[in-house]
Amino acid sequence: EVQLVESGGGLVQAGGSLRLSCATSGFTFDDYTIGWFRQAPGKEREGVLCFSNGDGTTYYADSAAGRFTFSSDNAKNMVYLLMNNLKPEDTAVYYCAAVGDALGGYYYLKTPGAMDYWGKGTLVTVSS
């Protein structure tokens with residue numbers, strides 16, 4: 001059974017940093033694309049970044065490029081989202097998600113509904 005559990009959310013001031021973690025189980029990293037998504041109050045869920053294990057490429061949303069970074073520890077089955085220079089508009093519930101396709105990260109970034117598995121999310125609040 002595939003499981004994804006996010007942690008690390010909280011309250012941070014604008015300009016600050018936060019690292020989210022996602023503990024994964026039940027699948028092999030090499031065969032999957034893994035992404036971070038977010039949903040702000042009253043808005044649709046959107047992609048933040050997606051990592052395609054098939055070619056090692058990370059695809060970033062425009063809002064995340066230059067500020068957010070994906071990393072993983074395959075030995076520990078962990079993925080991370082490092083967020084720097086946070087802005088109030090980054091306030092959202094952040095989700096870790098996976099799909100059984102090692103390529104196509106750009107597509108999945110733009111199509112959250114195509115992801116197969118989701119965590120329950122962790123809330124990030126950025127104060128001004």
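The structure displayed is predicted, hence computed values, not measured ones. The first residue of the sequence shown is numbered 1, and numbering continues consecutively from there.
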Checklist line | Verdict with reasoning, C96 to V79, per side chain to side chain contact (heavy atoms under 4.5 Å, CB included) | finding: CA-CA 9 Å; C96 177; V79 298; 3.8 Å; yes

Check: Could you go step by step and tell me if N84 and S17 meet the side-chain hydrogen bond (donor to acceptor under 3.5 Å, both in side chains) rule?
Finding: CA-CA 4 Å; N84 293 320; S17 298; 2.8 Å; yes

Check: Are N53 and T33 close enough, and set up right, to give a side chain to side chain contact (heavy atoms under 4.5 Å, CB included), and what steps lead you there?
Finding: CA-CA 6 Å; N53 275 287; T33 287; over 6 Å; no

Next item on the list: Check the pair D31 / F29 against side chain to side chain contact (heavy atoms under 4.5 Å, CB included), numbers first and verdict last.
Entry: CA-CA 5 Å; D31 298 332; F29 271 23; over 6 Å; no

Note to self: Could you go through L20 and M83, starting from their C-alpha distance and side-chain angles, then the distance that decides it, and tell me whether this counts as side chain to side chain contact (heavy atoms under 4.5 Å, CB included)?
What the structure shows: CA-CA 8 Å; L20 306 183; M83 303 184 292; 3.8 Å; yes

Note to self: Checking T28 against D30 for the side-chain hydrogen bond (donor to acceptor under 3.5 Å, both in side chains) test, could you report, in this order, the C-alpha distance in whole Å, the side-chain angles of both residues, the deciding distance, and whether it holds?
What the structure shows: CA-CA 6 Å; T28 303; D30 288 350; over 6 Å; no

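Between K120 and E6 there is no salt bridge, since no side-chain N of the basic residue sits under 4.0 Å from a carboxylate O of the acidic one.
Rounding to the nearest 0.5 Å gives a distance of 12.5 Å between CG of L81 and OG of S72.
Put simply, the side chain of D90 does not reach to within 4.5 Å of the side chain of V124, judged on heavy atoms. Counting only heavy atoms from C-beta outward, the side chains of S7 and R19 never approach each other to under 4.5 Å. Residues K87 and R67 meet the side-chain proximity criterion, which asks for heavy atoms closer than 4.5 Å. Using a 4.5 Å cut-off on side-chain heavy atoms (C-beta onward), T69 and Y80 make no contact. Side-chain atoms of D101 and Y107, non-hydrogen and from C-beta on, never get closer than 4.5 Å to each other.
Of all the heavy atoms in C50 and G105, the pair that sits closest is CB-O, 3.4 Å. Nearest heavy-atom pair across L11 and S127 is CD1-CB, 4.2 Å. Contact detail for A64 and V48: the closest heavy-atom pair is CB-O, 3.6 Å. Nearest heavy atom pair, residue T91 against residue P41, reads O-CD, 4.4 Å. Residue A61 comes nearest to G47 through the heavy atom pair CB-O, 3.3 Å, listed as atom of the first residue, atom of the second, then distance. Between G104 and S52, the shortest heavy-atom contact is N-OG, 3.8 Å.
Transitive grouping of hydrophobic side chains (ILVMFWY, heavy atoms separated by less than 4.5 Å) keeps M115 and Y59 in distinct clusters. Residues V93 and L18 fall into different hydrophobic clusters, defined by Ile, Leu, Val, Met, Phe, Trp and Tyr side chains chained together at heavy-atom separations under 4.5 Å. By the criterion of side-chain heavy atoms lying less than 4.5 angstrom apart, applied directly or through intervening Ile, Leu, Val, Met, Phe, Trp or Tyr residues, V126 is grouped together with L49 in one hydrophobic cluster. Hydrophobic clustering keeps Y117 apart from L109 (ILVMFWY residues linked when any side-chain heavy atoms are closer than 4.5 Å, directly or through intermediates).
In this structure, D116 contributes its side chain and G100 its backbone to a donor-acceptor pair below 3.5 Å.
Among Y94, W118, Y95, the one residue that satisfies the ring pair (Phe, Tyr, Trp, His ring centres under 6.0 Å) test with F37 is W118.
Less than 6.0 angstrom separates the ring centroid of F27 from the ring centroid of Y32. Ring to ring, F51 and W36 are not that close: their centroids are 6.0 angstrom or more apart. Checked against the 6.0 Å centroid threshold, Y106 and Y108 do not count as a close aromatic pair.
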